[in-house]
S.K.: 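Please see the structure below; I have some questions.
Side chains included, hydrogens not; waters and symmetry mates left out as well; all remaining heavy atoms used. Each chain gets a letter, A, B and so on, in the order its sequence line appears, and its residues count up from 1.
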Amino acid sequence: MSGVSARKEVFLDVGGHEVRISSPDKVVFPEPGLTKLDIVEYYLSVSDAALRGAGGRPMVLKRFVKGIAEEAFFQKRVPENHPDFIDTATLHYARGTSAEEAVIRDAAGLAWIVNLGCLDLNPHPVRAEDLDHPDELRIDLDPMPGVDWSQIVDVAFVAREVLDDVGLVGWPKTSGSRGLHILVRIAPRWDFRDVRLAAETLAREVENRAPGLATARWWKEERGESVFVDFNQNAKDRTVASAYSVRPLPDARVSTPLEWDEVRVRRPEEFTVRTVPARYADIGDPHEGIDAAPGTLDGLLQLAADLGPAEKPPRGTDGSGRRASTMPLIEIARTKTKPEAVAALTQWKAQHPAAAAQLHPADELVDGMRGSSSLWYRVRVNLQHVPEAERPPQEKLLADYDPWAGKTWPGR
DNA sequence: GTGGTCC
DNA sequence: GGACCACAACGCTGC
DNA sequence: GCAGCG
Ligand SMILES: [Mn+2]
Ligand SMILES: [Mn+2]
């Protein structure tokens with residue numbers, strides 16, 4: 001028996017509020033060996049900056065009650081039993097439903113949220129005081145597979161140019177995964193529809209200025225090896241991991257605000273729960289000035305009028321309401337796990353070496369799908385780079401996991 | 001992670 | 001007191 | 001209804 005037994009709970013005094021942390025010694029990140037209390041202490045060490053990103057905004061809770069290895073669940077409605085230093089805001093949806101979400105405003109709120117099992121914080125782009133008018137436009141740069149950091153950076157700087165041309169200021173941060181977020185503070189004067197239109201317009205303009213490097217196309221098979229400018233992240237009821245959020249990845253990466261002159265030379269993997277507190281103590285928060293000068297969307301909305309409606313892909317009609325793809329796609333397998341999906345793809349490539357040799361990385365589409373109650377994976381191949389005569393046909397699936405197995409279907 | 005039930 | 005269980009999300013935007 | 005997002 002070692003002398004250090006795992007404590008059941010500890011109580012912290014955080015800015016005059018007592019916060020209970022249960023199972024403080026529970027290991028949340030096995031690889032770097034970070035415990036729940038380590039995560040609490042991380043957030044407290046960067047609390048002012050983390051609150052600049054997530055404070056005062058309603059947020060969705062993503063809870064990892066059993067560590068990052070186990071499945072997490074989302075929680076919109078704040079637990080009834082919340083301390084009085086937790087604020088709330090009630091969001092109303094188009095269908096008439098609503099959800100009372102948590103709003104944190106101080107370091108105690110951060111500690112309390114982490115105790116629930118939350119790692120990344122996912123606030124809406126609105127303040128609790130005005131739930132219908134976002135004060136933040138979010139540029140979400142999502143690299144397709146095979147895209148390297150320098151290309152992401154090139155796209156980020158094109159986005160910065162476009163912002164500059166319409167009189168806006170962008171504040172970059174690593175997403176904490178492979179991509180980059182650029183935040184734009186705006187006056188809370190436009191509704192979600194207009195903010196999304198502005199974001200879509202910016203995305204189209206970035207694609208126009210950097211064809212091949214960036215895309216604003218929604219359908220994955222049409223994107224190629226490019227950086228997707230995910231303008232839909234600005235629709236209502238969408239959230240983004242906020243600045244200084246800990247991401248549920250093995251190395252405990254942090255979504256880290258950067259100075260523009262750091263963007264090209266730094267890498268997402270440099271910033272973790274272990275490294276970011278020292279950086280913050282050293283240089284402070286690169287986003288400290290984000291609230292100083294809220295911008296206007298007039299320029300982007302004018303550009304939207306100039307560009308006109310976006311070109312839509314040809315209307316696909318196969319009768320069933322399903323979209324007809326514009327690309328020569330074949331489905332290879334459906335599997336329960338990602339390794340099985342990758343194995344199926346490998347098997348297919350071994351069976352079709354000639355075609356496989358001509359695939360580009362972005363032509364291999366392995367997507368996590370939401371089934372009736374679980375996750376499954378779909379494996380597809382885009383044969384656009386394979387000459388028509390050499391294209392393998394759609395065959396029986398190599399693996400055919402049924403995500404609805406076990407469900408009873410009324411009337412069939 | 002929390003709160004309720006049942007022995 | 002301890003074991004066990006239920007519960008904790010789902011909306012938006014096109015096609 | 002479905003895809004594709006978080
Ligand atoms: Mn992203
Ligand atoms: Mn995205």
S.K.: Under a 4.0 Å threshold between the charged nitrogen and the carboxylate oxygen, would A/Arg57 count as salt-bridged to A/Glu101?
M.R.: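 Answer for the salt bridge query: no.
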S.K.: Counting only side-chain heavy atoms from C-beta out, which of C/dA8, C/dG11, D/dC5 sits nearest to A/Asp237?
M.R.: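 That would be C/dG11.
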S.K.: Between D/dG6, D/dG4, C/dA9, which nucleotide gets closest to the side-chain atoms of A/Arg77?
M.R.: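 My answer, after comparing the listed nucleotides, is C/dA9.
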S.K.: Does A/Asn115 make a side-chain N or O approach to OP1 or OP2 of B/dG1 shorter than 4.0 Å?
M.R.: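 For A/Asn115, the contact criterion (side-chain N or O under 4.0 Å from OP1 or OP2 of B/dG1) is not met.
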S.K.: Using atom P in both nucleotides, what's the gap between C/dA9 and D/dC5 to the nearest angstrom?
M.R.: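 Rounded to whole Å, the distance is 24 Å.
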S.K.: Under a 3.5 Å cutoff, is there a donor and acceptor pairing between the side chains of A/Lys36 and A/Asn115?
M.R.: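 A pair is found: one side chain offers a donor N or O, the other an acceptor, under 3.5 Å apart.
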S.K.: Whole angstroms only, please: what is the CD-P distance between A/Glu101 and C/dG11?
M.R.: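 Going from CD in A/Glu101 over to P in C/dG11 covers 11 Å.
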S.K.: Between C/dC12 and A/Arg196, is there an OP1 or OP2 to side-chain N/O distance shorter than 4.0 Å?
M.R.: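 Result: no.
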S.K.: Between B/dG4 atom P and A/Glu80 atom CD, what is the distance in whole Å?
M.R.: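 The answer, rounded to whole Å, is 10 Å.
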S.K.: Does A/Thr97 place a side-chain N or O at less than 4.0 Å from the phosphate oxygens OP1/OP2 of C/dC10?
M.R.: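 For C/dC10, OP1/OP2 do not have a side-chain N/O of A/Thr97 under 4.0 Å.
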S.K.: Going from OH on A/Tyr43 to CD1 on A/Ile104, what distance comes out if it is rounded to the nearest 0.5 angstrom?
M.R.: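 Going from the OH atom of A/Tyr43 to the CD1 atom of A/Ile104 covers 8.5 Å.
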S.K.: In whole angstroms, how far is the C1' atom of D/dG6 from the CZ atom of A/Arg247?
M.R.: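 So the CZ-C1' distance, A/Arg247 to D/dG6, works out to 10 Å.
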S.K.: Judged by each residue's nearest nucleotide on DNA chain C, which is more toward the 5′ side, A/Phe231 or A/Arg95?
M.R.: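 It is A/Arg95 whose nearest nucleotide is closer to the 5' end.
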S.K.: Reckon A/Tyr93 touches a base, only the sugar-phosphate, or nothing at all at heavy-atom distances under 4.0 Å?
M.R.: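 Sugar-phosphate: the residue A/Tyr93, judged by heavy atoms under 4.0 Å, touches backbone atoms but no base.
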S.K.: Using the rule given for ring-ring contact (aromatic ring centres under 6.0 Å, His included), can you reason through A/Trp260 versus A/Phe157, listing the C-alpha separation, both sets of side-chain angles and the distance that settles it, and then say yes or no?
M.R.: CA-CA 9 Å; A/Trp260 274 106; A/Phe157 276 91; 5.1 Å; yes
S.K.: In whole angstroms, how far is the P atom of C/dA9 from the CG atom of A/Asn122?
M.R.: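 Rounded to the whole Å, the gap is 14 Å.
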S.K.: Do the side-chain N or O atoms of A/Asn234 get closer than 4.0 angstrom to the phosphate oxygens (OP1, OP2) of D/dC5?
M.R.: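 The answer is no; no side-chain N or O of A/Asn234 sits under 4.0 Å from OP1 or OP2.
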S.K.: Of the nucleotides C/dT13, D/dA3, D/dG6, which has the atom closest to the A/Thr239 side chain?
M.R.: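 The listed nucleotide nearest to A/Thr239's side chain is D/dG6.
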S.K.: OP1 or OP2 of C/dA8 sitting under 4.0 Å from any side-chain N/O of A/Lys62?
M.R.: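 No, A/Lys62 has no side-chain N/O under 4.0 Å of OP1/OP2 on C/dA8.
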S.K.: Look at A/Ser22 and B/dG1 and indicate whether a side-chain polar atom (N or O) is within less than 4.0 Å of OP1 or OP2.
M.R.: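 For A/Ser22, the contact criterion (side-chain N or O under 4.0 Å from OP1 or OP2 of B/dG1) is met.
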S.K.: Could you tell me whether the phosphate oxygens of D/dG4, OP1 or OP2, come under 4.0 Å of any side-chain nitrogen or oxygen in A/Arg378?
M.R.: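 True: A/Arg378 side-chain N/O within range (under 4.0 Å) of D/dG4 OP1/OP2.
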S.K.: So A/Lys236, base contact, sugar-phosphate only, or nothing? Heavy-atom distance under 4.0 Å.
M.R.: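 Sugar-phosphate, backbone atoms only, no base.
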S.K.: Atom CD of A/Glu222 to atom P of D/dC5: distance rounded to whole Å?
M.R.: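 Spelled out: CD on A/Glu222 to P on D/dC5 is 13 Å.
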S.K.: Taking any heavy-atom pair under 4.0 Å as a contact, classify A/Asp367: base, sugar-phosphate, or nothing.
M.R.: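 Nothing, no nucleic acid heavy atom in range.
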S.K.: Side-chain N or O of A/Arg20 less than 4.0 angstrom from OP1 or OP2 on B/dT2?
M.R.: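 Checking A/Arg20 against B/dT2: at least one side-chain N or O falls below 4.0 Å of OP1 or OP2.
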S.K.: Looking for any heavy atom pair under 4.0 Å, which part of the strands does A/Lys220 touch: base, sugar-phosphate only, or nothing?
M.R.: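 Contact class for A/Lys220: sugar-phosphate only.
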S.K.: Nearest whole Å is fine: how far is B/dT2 P from A/Ile113 CD1?
M.R.: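 Nearest whole value for this atom pair: 13 Å.
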S.K.: Less than 4.0 angstrom between a side-chain N/O of A/Arg193 and OP1 or OP2 of C/dC12, yes or no?
M.R.: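 Indeed not, no polar side-chain atom of A/Arg193 lies that close.
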S.K.: So, is A/Arg217 near the phosphate of D/dG4, with a side-chain N or O under 4.0 Å from OP1 or OP2?
M.R.: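 No, because none of the side-chain N or O atoms of A/Arg217 sits under 4.0 Å from OP1 or OP2 of D/dG4.
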S.K.: Using 30° and 60° as the class boundaries, would you call the ring planes of A/His360 and A/His385 parallel, tilted or perpendicular?
M.R.: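 A/His360 vs A/His385 ring planes: parallel.
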S.K.: C/dA8 and B/dG3: how far apart are their C1' atoms, nearest whole angstrom?
M.R.: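 It comes out at 12 Å once rounded to the nearest Å.
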S.K.: Is a side-chain N or O of A/Thr346 found less than 3.5 angstrom from the main chain of A/Val342, in a donor-acceptor match?
M.R.: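 Yes: the side chain of A/Thr346 pairs with the backbone of A/Val342.
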S.K.: Under 4.0 Å between a side-chain N/O of A/Lys76 and OP1 or OP2 of C/dG11, yes or no?
M.R.: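 No, because none of the side-chain N or O atoms of A/Lys76 sits under 4.0 Å from OP1 or OP2 of C/dG11.
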S.K.: Name the nucleic acid region contacted by A/Ala94, choosing base, sugar-phosphate or nothing; use a 4.0 angstrom heavy-atom cut-off, strictly under.
M.R.: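 Sugar-phosphate only.
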S.K.: Please report the distance, rounded to the nearest Å, between CG in A/Asp140 and C1' in C/dC12.
M.R.: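 One finds 15 Å between C1' of C/dC12 and CG of A/Asp140, rounded.
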S.K.: Kindly point out which of C/dC12, D/dG6, B/dG3 is positioned nearest to the side chain of A/Ala235?
M.R.: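 Per side-chain heavy atoms of A/Ala235, the pick is C/dC12.
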S.K.: Does the cation-pi check pass for A/Arg63 over A/Phe73, that is, NZ or CZ under 6.0 Å from the six-membered ring centre and within 45° of its axis?
M.R.: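 Ring-cation test returns no.
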S.K.: Rounded to the nearest angstrom, tell me the gap between atom CG in A/Leu119 and atom P in B/dG1.
M.R.: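 Roughly 11 Å, once rounded to whole Å.
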